[in-house]
Amino acid sequence: MKSVERWKTLVGGLVLLLMLAVCAGDRAHAESQFFSLYDFQLEDGTVMPELRIAYETRGKLSPARDNAIVLIHDALEDHHAFDALIGPGKTFDTNRYFVIAADAVGGGESSAPSDGAGQDFPRYTIRDMMAAEYALVSRGLGLTRLRAVVGRSMGAFIGLEWAVQHPEMPAALVLLAPAARSDANFRVVIDAMVSAVALDPVWEGGRYKSNPVEGLRHAGAVYFPWAVSTAYLDRLAPEAVAQESEASAKSFAQWDANGLVLRLAACRAHDVGARVDGDVGAALASVTMPVLILASASDRLVRPRDAQQLRTALARASYVEIPTDLGHNALANPPGSGEGDFIDRAIRGFLATSK
């Protein structure tokens with residue numbers, strides 16, 4: 001009996017050690033890496049002595065170094081935005097792809113106003129965010145070719161700029177809720193959110209001593225009804241509407257106010273034609289790789305018509321509309337939901353056939 005007990009103890013100990021090793025491996029895998037750009041010049045001419053980009057990679061590079069996929073998150077998220085889609089057998093299958101996800105300039109663990117600069121942090125643009133991520137991939141990781149660039153909402157703006165300015169790098173492009181430029185509807189929503197923050201007495205022109213949390217909460221409440229659709233709101237009980245609005249307010253309150261305001265300003269100014277005298281068609285002429293455009297049928301922030309215009313303007317674009325009443329929020333629904341499974345099938349099919 002004693003030998004049996006000793007054996008059970010030994011086996012239990014080995015199992016525990018194995019579990020700890022697996023957990024430690026997961027933690028090491030999940031830790032952010034950092035790439036610094038020195039004397040980084042932004043679009044407005046400002047030079048940042050050091051720009052820090054936080055990123056994470058999963059999977060392995062192929063011997064030909066051509067299986068990398070860059071994932072670019074939306075305005076309110078960080079490099080974990082696509083986590084539910086990354087892993088063995090998942091949409092971005094780490095048995096096949098080398099997946100790169102980075103925090104955009106101005107948020108997450110990348111250089112941001114919350115580092116101490118506050119209102120003095122440079123006014124960066126969509127093109128600045130793209131340039132930083134391009135430098136990470138080309139200089140930091142030494143890659144010259146990508147299997148795909150994938151972007152959602154703000155990430156789709158960045159991804160489109162990437163294809164315009166560096167068309168030789170991505171073999172394919174996946175854009176969820178893209179637009180060639182921000183329209184008046186989008187700008188008005190952003191102005192309302194920024195005003196909600198600025199009206200908080202604690203704001204003090206962005207030079208606050210304590211984060212204007214109430215202003216941020218109001219901004220989240222403004223955002224919520226625009227992130228869904230009228231049909232979605234109509235089918236919710238009043239209590240559910242209140243709960244979801246409160247959840248949106250709480251999520252906004254987690255932001256540093258300067259970080260949020262500058263991020264929204266960058267999205268507001270999005271225009272791929274800005275460098276060619278506003279000629280969007282001329283800017284898009286260089287985008288000759290296959291492009292998958294995914295739009296939510298009920299999106300009120302980045303409306304389907306913006307995505308449809310891109311389909312017409314791009315040489316090799318496929319357009320897929322997600323049947324949903326979840327509005328803009330449908331784009332981030334995980335696998336297992338109707339919208340998430342729809343997106344998964346569309347992206348898998350596109351990556352399997354686009355070359």
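Just so you know, these numbers come straight off a predicted model, no measurement behind them. We're numbering straight along the sequence, starting at 1.
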> Yes or no on salt bridge (Lys or Arg N to Asp or Glu O under 4.0 Å) for D306 and R181, after CA distance, side-chain angles and deciding distance?
Replying inline: CA-CA 8 Å; D306 296 323; R181 57 162 59 109; over 6 Å; no

>> Testing the 3.5 Å rule here: is there a donor-acceptor pair between the side chains of R58 and Y97?
In response: no

> Is a side-chain donor or acceptor of S153 paired with a backbone partner of D74 at a separation under 3.5 angstrom?
Replying inline: no

>> Treating R263 as the side-chain partner and V105 as the backbone partner, does any N or O pair qualify as donor plus acceptor under 3.5 Å?
In response: yes

> Where do I322 and L331 land on the side chain to side chain contact (heavy atoms under 4.5 Å, CB included) test, with the steps shown first?
Replying inline: CA-CA 9 Å; I322 307 161; L331 299 158; 3.8 Å; yes

> How about L351 and L292: do any of their side-chain heavy atoms sit closer than 4.5 Å?
Replying inline: no

>> Side-chain heavy atoms nearer than 4.5 Å, only ILVMFWY residues, links allowed to pass through others: does that put L294 and L173 together?
In response: no

> Taking the side chain as C-beta and beyond, is there a heavy-atom pair between E56 and E31 under 4.5 Å?
Replying inline: no

> Does N185 use its side chain to pair, donor to acceptor, with the backbone of R300 at less than 3.5 Å?
Replying inline: yes

> CZ of R96: more than 12 outside heavy atoms within 6.0 angstrom?
Replying inline: no

>> Would you compute the distance between atom CG of N211 and atom CD of Q254 and round it to the nearest 0.5 angstrom?
In response: 9.5 Å

> Given the rule in the side chain to side chain contact (heavy atoms under 4.5 Å, CB included) test, do L37 and R139 qualify, once you have shown the distances and angles that lead to the verdict?
Replying inline: CA-CA 10 Å; L37 290 160; R139 291 161 52 186; 3.6 Å; yes

> Can you tell if the side chain of Q308 reaches within under 4.5 Å of the side chain of Y319, non-hydrogen atoms only?
Replying inline: yes

>> Between R152 (side chain only) and P178 (backbone N and O only), is there a donor and an acceptor less than 3.5 Å apart?
In response: no

>> Please give me the minimum heavy-atom distance between A219 and V197, naming the atom from each residue.
In response: CB-CG2, 3.9 Å

> Would you call R145 and E168 a salt bridge, taking side-chain N to carboxylate O under 4.0 Å as the test?
Replying inline: no

>> Count I, L, V, M, F, W, Y as connected when their side-chain heavy atoms are under 4.5 Å apart, and connections chain through other members. Are M154 and V164 then in the same cluster?
In response: yes

> Just wondering, more than 12 heavy atoms not from D44 lying within 6.0 Å of its CG?
Replying inline: yes

> Any donor-acceptor pair under 3.5 Å linking the side chain of S245 with the backbone of V241?
Replying inline: no

> Side-chain contact, heavy-atom cut-off 4.5 Å: V222 with F224?
Replying inline: no

>> Using 30° and 60° as the class boundaries, would you call the ring planes of Y134 and W162 parallel, tilted or perpendicular?
In response: perpendicular

> Can you find a side-chain donor-acceptor pair between H328 and S296 that sits under 3.5 Å?
Replying inline: no

> What pair of heavy atoms forms the shortest contact from A104 to M129, and how long is it?
Replying inline: CB-SD, 3.7 Å

> Any sub-3.5 Å donor-acceptor pair from N67's side-chain atoms to S62's backbone N or O?
Replying inline: yes

> So how far is it from I72 CD1 to I100 CD1, rounded to the nearest 0.5 Å?
Replying inline: 10.5 Å

> Cut-off 3.5 Å, side chains only: do T230 and D234 have a donor facing an acceptor?
Replying inline: no

> Taking all atoms of both residues into account, what is the closest heavy-atom pair of S182 and C267, and its distance?
Replying inline: OG-O, 2.7 Å

> Heavy-atom distance under 4.5 Å between the side chains of D341 and N333, does that happen here?
Replying inline: no

>> Tell me whether R65 contacts the main-chain N or O of G142 through its side chain, where contact means a donor paired with an acceptor under 3.5 Å.
In response: yes

>> For the OG1 atom of T125 and the CG atom of L42, what is their distance to the nearest 0.5 Å?
In response: 7.0 Å

>> Under the criterion salt bridge (Lys or Arg N to Asp or Glu O under 4.0 Å), I'd like the reasoning laid out for D120 against R207: C-alpha separation, chi angles, the key distance, then a yes or no.
In response: CA-CA 9 Å; D120 295 325; R207 301 192 180 279; 3.0 Å; yes

>> Which heavy atom of E321 sits nearest to which heavy atom of P304, and what is that distance?
In response: OE1-CB, 3.7 Å

>> Could you check whether any side-chain heavy atom of H218 comes within less than 4.5 Å of a side-chain heavy atom of D200, counting everything from C-beta outward?
In response: no

> Is the closest basic N to carboxylate O distance between R147 and D66 below 4.0 Å?
Replying inline: no

>> Pair D103, Y55 - check side chain to side chain contact (heavy atoms under 4.5 Å, CB included), show working.
In response: CA-CA 6 Å; D103 286 333; Y55 70 100; over 6 Å; no

> Ring centroid separation for Y223 and F252, is it under 6.0 angstrom?
Replying inline: yes

> So, does N329 use its side chain to make a donor-acceptor pair with the main chain of V228 at under 3.5 Å?
Replying inline: no

> About how many Å separate CG of D115 and CZ of F121, when rounded to the nearest 0.5 Å?
Replying inline: 7.0 Å

>> I need the minimum non-hydrogen distance between L260 and W255, along with the two atoms involved.
In response: N-CE3, 3.4 Å

>> Checking R275 against Q165: is there a side-chain donor and acceptor pair closer than 3.5 Å?
In response: yes

> Under a 4.5 Å cut-off applied to non-hydrogen side-chain atoms, are V291 and R316 in contact?
Replying inline: no

> Roughly how far, to the nearest 0.5 Å, is CZ of F98 from CG of L143?
Replying inline: 6.5 Å

> Between the main-chain N or O of D271 and the side-chain N or O of R127, is there a donor-acceptor pair closer than 3.5 Å?
Replying inline: yes

> Do you reckon M169 sits in the same ILVMFWY cluster as L284, going by side-chain contacts under 4.5 Å, direct or chained?
Replying inline: yes

>> Is there a continuous path of hydrophobic side-chain contacts, each under 4.5 Å between heavy atoms, that joins V302 to V194?
In response: yes

>> Hydrophobic clusters here meaning ILVMFWY residues chained together by side-chain heavy-atom distances under 4.5 Å, can you tell me if F157 and L262 are in one?
In response: yes

> Who are the side chain to side chain donor-acceptor pair (under 3.5 Å) partners of N258, not counting sequence neighbours?
Replying inline: Q119, Y208

>> Once rounded to the nearest 0.5 Å, what's the spacing between atom NZ of K90 and atom CD1 of I347?
In response: 14.0 Å

>> If you compare all heavy atoms of S110 against all heavy atoms of A54, which two are closest, and at what distance to 0.1 Å?
In response: OG-N, 3.0 Å

>> For the backbone of G89 and the side chain of D93, can you confirm whether one donor and one acceptor N or O come within less than 3.5 Å of each other?
In response: yes

> For residues S32 and E109, is any side-chain donor paired with an opposing acceptor at under 3.5 Å?
Replying inline: yes

>> I want to check something: taking the side chain as every heavy atom from C-beta on, are I126 and M130 in contact at a cut-off of under 4.5 Å?
In response: no

> Are the charged groups of R348 and D344 less than 4.0 angstrom apart, N to O?
Replying inline: yes

>> Between I86 and L71, is the side chain to side chain contact (heavy atoms under 4.5 Å, CB included) condition met? List the steps.
In response: CA-CA 10 Å; I86 305 170; L71 304 180; 3.5 Å; yes

